[in-house]
Every structure is written in C-alpha cells, then in structure tokens.
Amino acid sequence: MQRIMTLCIGNICRSPLAQVLLARELPTHQVWSAGLTALVGSPADPTSVQIAQEQGLDLAAHRAQQVSSFMCQQAELILVMEQSHKSQLEQLYPQVRGKVFRLGQFGQFDIDDPYRKPREAFDTAYQGIAQGVADWLTRIRQLS
C-alpha cells in the first residue's frame, strides 16, 4: 500500500493537513490530496497553513485539485474526512469501493469542515486528523 489519497470537499483545509502528516510519517509512500468540489488552484487555507507550521509541516506549495478517475485508479487507499464523502466518491467512481475509508474509521468519528470558522474549529479538525493518521499508520505499515 504505497499510494494514498486524502480527500475532503475543497482540498484547502483538512485533506492537505492529512496529506502532509501522512507524508511525514510515511516518507517512502506517495501521498496526495484532492477535493470533491475542489477550489482548484487555491492555496491551503491560511489557518491550516499556520497549524501546519506549528506542527513542523509545510503547506506553502499546496494547490487544491479536483479528484479524478485517474487519481482514484492510482490510489491504493483513499482516506476521507466524513462518511458523506465516502458515499459521494463511491457514487461518482464506483470502482473505488473497497479502498475508501474514513480517516476516523477506527475511532468512529468524522472530521468536521472548519472552513470559514474560528481557529478553534481548525484545532479540533487537526486533532481529529492527527488521531486518524496515528490510527491508520500501523495498518498502512503492515500492508506496505
């Protein structure tokens, strides 16, 4: 399991943070992020950039991209932020069934969208992302 995609709606808040966290922990893996309705070409949200910097991560080069059939084919694992994202992605691309899971799968939680909300919403989202990444790392390493 070497190719992992993280997915949210706009690809500017949650999935970029999940991407850089996973990439830091899995340096030999290919990790990218996308959005279901991406703000294509947009940089990461400034609050996500700030949180990343505080965690020693860099989102400066991030630009939002729209999920595509090709990306779905390339990914061996797709980690989404909410159960509704899984449903939407499977409806758009039925071939992804069986490799799409919530990042919060093991803790049975969704990661709410902090977009246009106060810093506290971003902190809560980051905590969920960090927990989800930690929960998935052991499993990904076992399958890699």
Side-chain angles (χ1 to χ4, degrees), residues 1-107 109-117 119 121-141 143-144:
M1 189 170 298
Q2 296 293 313
R3 295 183 310 275
I4 303 164
M5 176 169 60
T6 62
L7 185 98
C8 66
I9 297 295
N11 191 221
I12 61 168
C13 296
R14 297 170 288 174
S15 57
L17 283 168
Q19 174 191 347
V20 294
L21 258 179
L22 280 165
R24 177 174 70 185
E25 298 300 323
L26 300 165
T28 62
H29 291 60
Q30 183 182 358
V31 185
W32 68 94
S33 64
L36 285 163
T37 55
L39 300 170
V40 176
S42 295
D45 184 279
T47 308
S48 287
V49 172
Q50 182 181 8
I51 289 171
Q53 287 173 338
E54 292 166 4
Q55 300 299 321
L57 302 164
D58 185 8
L59 283 177
H62 176 79
R63 294 297 175 267
Q65 58 182 352
Q66 179 67 31
V67 68
S68 69
S69 178
F70 178 75
M71 285 180 202
C72 291
Q73 289 170 354
Q74 293 300 303
E76 295 170 294
L77 173 65
I78 302 170
L79 296 172
V80 300
M81 302 300 130
E82 300 175 31
Q83 185 64 35
S84 63
H85 301 163
K86 181 180 189 300
S87 301
Q88 289 173 355
L89 190 64
E90 289 175 345
Q91 195 168 21
L92 284 170
Y93 304 108
Q95 73 271 21
V96 301
R97 287 192 177 101
K99 62 180 179 180
V100 183
F101 301 92
R102 277 188 306 170
L103 188 59
Q105 171 96 7
F106 301 106
F109 60 87
D110 281 347
I111 299 161
D112 293 332
D113 193 352
Y115 186 57
R116 294 187 174 164
K117 294 181 182 164
R119 167 69 193 241
F122 282 84
D123 289 335
T124 300
Y126 178 78
Q127 290 166 1
I129 291 165
Q131 181 62 56
V133 166
D135 291 345
W136 272 99
L137 280 175
T138 303
R139 289 152 183 91
I140 292 168
R141 288 181 176 132
L143 298 170
S144 297

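In this chain, residues are counted from 1 in sequence order. The structure presented is a predicted model; accordingly, all values stated were derived computationally and were not measured.
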Close side-chain approach of [X] to [Y], heavy-atom, < 4.5 Å:
{"X": "Ser48", "Y": "Leu59", "result": "yes"}
{"X": "Leu143", "Y": "Leu77", "result": "no"}
{"X": "Leu79", "Y": "Phe101", "result": "yes"}
{"X": "Thr124", "Y": "Asp112", "result": "no"}
{"X": "Ile129", "Y": "Arg14", "result": "yes"}
{"X": "Leu89", "Y": "Cys72", "result": "yes"}
{"X": "Leu39", "Y": "Tyr115", "result": "yes"}
{"X": "Ile140", "Y": "His29", "result": "yes"}

Problem - Side-chain donor/acceptor of His62 to backbone N/O of Asn11, under 3.5 Å - result: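 Yes.
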Handout entry: Exam field: side chain Glu90 to backbone Val96, donor-acceptor pair closer than 3.5 Å
Key =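 Judged by distance alone, no pair lies under 3.5 Å.
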How many angstroms lie between atom [atom1] of [X] and atom [atom2] of [Y], to the nearest 0.5 angstrom?
{"X": "Gln50", "Y": "Phe122", "atom1": "CD", "atom2": "CZ", "value": "10.0 Å"}
{"X": "Gln88", "Y": "Tyr93", "atom1": "CD", "atom2": "OH", "value": "12.0 Å"}
{"X": "Asp135", "Y": "Leu137", "atom1": "CG", "atom2": "CG", "value": "9.0 Å"}
{"X": "Leu103", "Y": "Leu17", "atom1": "CG", "atom2": "CG", "value": "11.0 Å"}
{"X": "His85", "Y": "Asp110", "atom1": "NE2", "atom2": "CG", "value": "8.0 Å"}
{"X": "Ile9", "Y": "Glu82", "atom1": "CD1", "atom2": "CD", "value": "6.5 Å"}

Handout entry: Verdict with supporting geometry, Leu36 and Leu92, side-chain contact (heavy atoms from CB on, under 4.5 Å)
Key = CA-CA 9 Å; Leu36 285 163; Leu92 284 170; 4.0 Å; yes
Give the minimum heavy-atom separation between [X] and [Y], together with the two atoms involved.
{"X": "Trp136", "Y": "Arg102", "value": "NE1-O, 3.3 Å"}
{"X": "Val31", "Y": "Gln19", "value": "O-NE2, 3.5 Å"}
{"X": "Ser15", "Y": "Thr6", "value": "O-OG1, 2.8 Å"}
{"X": "Arg24", "Y": "Leu57", "value": "NH1-CD2, 3.6 Å"}
{"X": "Ser33", "Y": "Met5", "value": "CA-CG, 4.5 Å"}
{"X": "Ile12", "Y": "Ala64", "value": "CG2-CB, 3.9 Å"}

Practice task
Evaluate whether atom CD of Gln91 has more than 12 neighbouring non-hydrogen atoms of other residues, nucleotides or ligands under 6.0 angstrom away.
Solution key: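 Not more than 12 within 6.0 Å, no.
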Exercise for the section: Validate the cation-pi geometry between Arg139 and Phe106: distance from NZ or CZ to the six-membered ring centre under 6.0 Å, angle to the ring axis within 45°. Expected result: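 Yes.
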Exercise for the section: Quick one: list whatever passes side chain to side chain contact (heavy atoms under 4.5 Å, CB included) with Arg3, sequence neighbours left out. Expected result: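 Arg3 satisfies side chain to side chain contact (heavy atoms under 4.5 Å, CB included) with Gln30, Trp32, Gln74, Glu76 only.
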Problem - Sequence-distant partners of Asp113, side-chain hydrogen bond (donor to acceptor under 3.5 Å, both in side chains), two or more places apart - result: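 So Asp113 forms no side-chain hydrogen bond (donor to acceptor under 3.5 Å, both in side chains) with any residue.
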Problem - Residues in salt bridge (charged side-chain N to carboxylate O under 4.0 Å, His left out) contact with Asp123, at least two apart in sequence or another chain - result: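 With sequence neighbours excluded, Asp123 shows a salt bridge (charged side-chain N to carboxylate O under 4.0 Å, His left out) to Arg119, given in chain and number order.
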